[in-house]
Colleague: 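Quick one: the structure is below, questions incoming.
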Amino acid sequence: MQIFSTQTDLVSFLNPFYDKKSTIGFVPTMGALHKGHLSLLETALQNNEIVVISIFVNPTQFNNHEDLKKYPRTLEEDVKKIKSISEEIIIYAPTVDDIYKGKTISQHFNFDGLENQMEGKFRMGHFDGVGTIVKQLFEIIKPTNAYFGEKDFQQLQIVKKLVSKYKIPVKIIGCPIFREPNGLAMSSRNERLSSTERKEASIIFKTITHAKKLFKSKSAKEVTNWVKNEFSKYPKFELEYFEIADEEKLLPCIRKNKSKNYRAFIAVFVNNIRLIDTISLK
Ligand code: PAF
């Protein structure tokens, strides 16, 4: 099992594979791996000659210091989980200094407005941080294909925009959300929920699933009002936003347009832990 903590060592290991023009599948993560991440690795293994995973809690994408501090860091367990899938997977687990070289700041990006919707409204600078780390990881690893979960659908669209704007030669592949048996979208943050909170958090998926049904006959505004009213019944769950937006530009749906694909997006706080989810309304 190859584990690298510096980009110099990683790149010298990868050099012969570039020479052979091997296909490289890349799965960027912040660790605390769950089944969703492991399924991204499985997909990458099926479609590439070599697979690299990065494990790096990227400080510049956190707008909340407490969230960064409490983000689970479980490298030893992560390595075991990766090993259980394949010993061939290459792990890059850098330090903050290896990435930021003493200057832990983001580059500023224009993602044609995608960055100003939903998560962008509530997490200032978040997508600059994501853009900075993802661009840098692509430059270091030079993958053929990179795999991202659809739970962070806005991030997925932003990464697609990043590679098209900067002409980065990598194919971005979105992979379906993995859910716990009660419907809760898998997330590293779920680790911080108590077992009761984890059970009760099933209302997030239940609500967006019902919203999907309602959207067949009701307007986006009516559905949004219904969701707000539902959450007012569960004081433990604080709804940050619920929005119905088109998948391409992520603009809120004011009036339904048959040529657009819509999606519902939700962010909820449970005991200061922020959970997001999304569902296609097609
Ligand atoms: O989705 C994540 O885990 C992170 O935002 C990513 C893409 C690994 C960048 O830090």
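Since we're looking at a predicted model, the values are computed, not measured. All ligand and atom numbering here is 1-based and tracks the order in the structure.
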Colleague: To the nearest 0.5 Å, what is the distance between CD (Q7) and OH (Y92)?
Modeller: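 Atom-to-atom, Q7:CD and Y92:OH are 4.5 Å apart.
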Colleague: Hey, does the side chain of T60 reach the backbone of I105 with a donor-acceptor pair shorter than 3.5 angstrom?
Modeller: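 Looks like no, no N/O pair under 3.5 Å.
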Colleague: Could you find the nearest protein heavy atom to atom 3 (O) of ligand 1 and give me its residue, atom name and distance?
Modeller: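 Protein heavy atom at minimum distance: M30 CG, 3.7 Å.
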Colleague: In Å, rounded to the nearest 0.5 Å, how long is the span from NZ of K103 to CG of D97?
Modeller: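 The CG atom of D97 is 13.0 Å from NZ of K103, to the nearest 0.5 Å.
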Colleague: Any salt bridge between K161 and D112, counting N to O under 4.0 Å?
Modeller: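 Yes.
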Colleague: Could you tell me which atoms of ligand 1, counted from 1 in the order shown, lie closer than 4.0 angstrom to a heavy atom of I133?
Modeller: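 Every atom of ligand 1 under 4.0 Å from some heavy atom of I133: 9 (C), 10 (O).
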Colleague: Is the NZ or CZ atom of R189 both under 6.0 Å from the centre of the six-membered ring of Y71 and within 45° of that ring's axis?
Modeller: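 Relative to the ring axis of Y71, which defines the angle, R189 lies outside at least one limit.
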Colleague: Flag T29 as yes when one of its N or O atoms lies below 3.5 Å from any N or O atom of ligand 1, and as no otherwise.
Modeller: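 Between T29 and ligand 1, no N or O pair is found under 3.5 Å apart.
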Colleague: Would you say Q61 and ligand 1 have an N/O pair spaced under 3.5 Å apart?
Modeller: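 Min N/O separation from ligand 1 is below 3.5 Å for Q61.
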Colleague: Identify the closest protein heavy atom to atom 2 (C) of ligand 1: which residue and atom is it, and at what distance?
Modeller: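 Minimum-distance protein heavy atom for atom 2 (C) of ligand 1 reads Q155 NE2, 3.8 Å.
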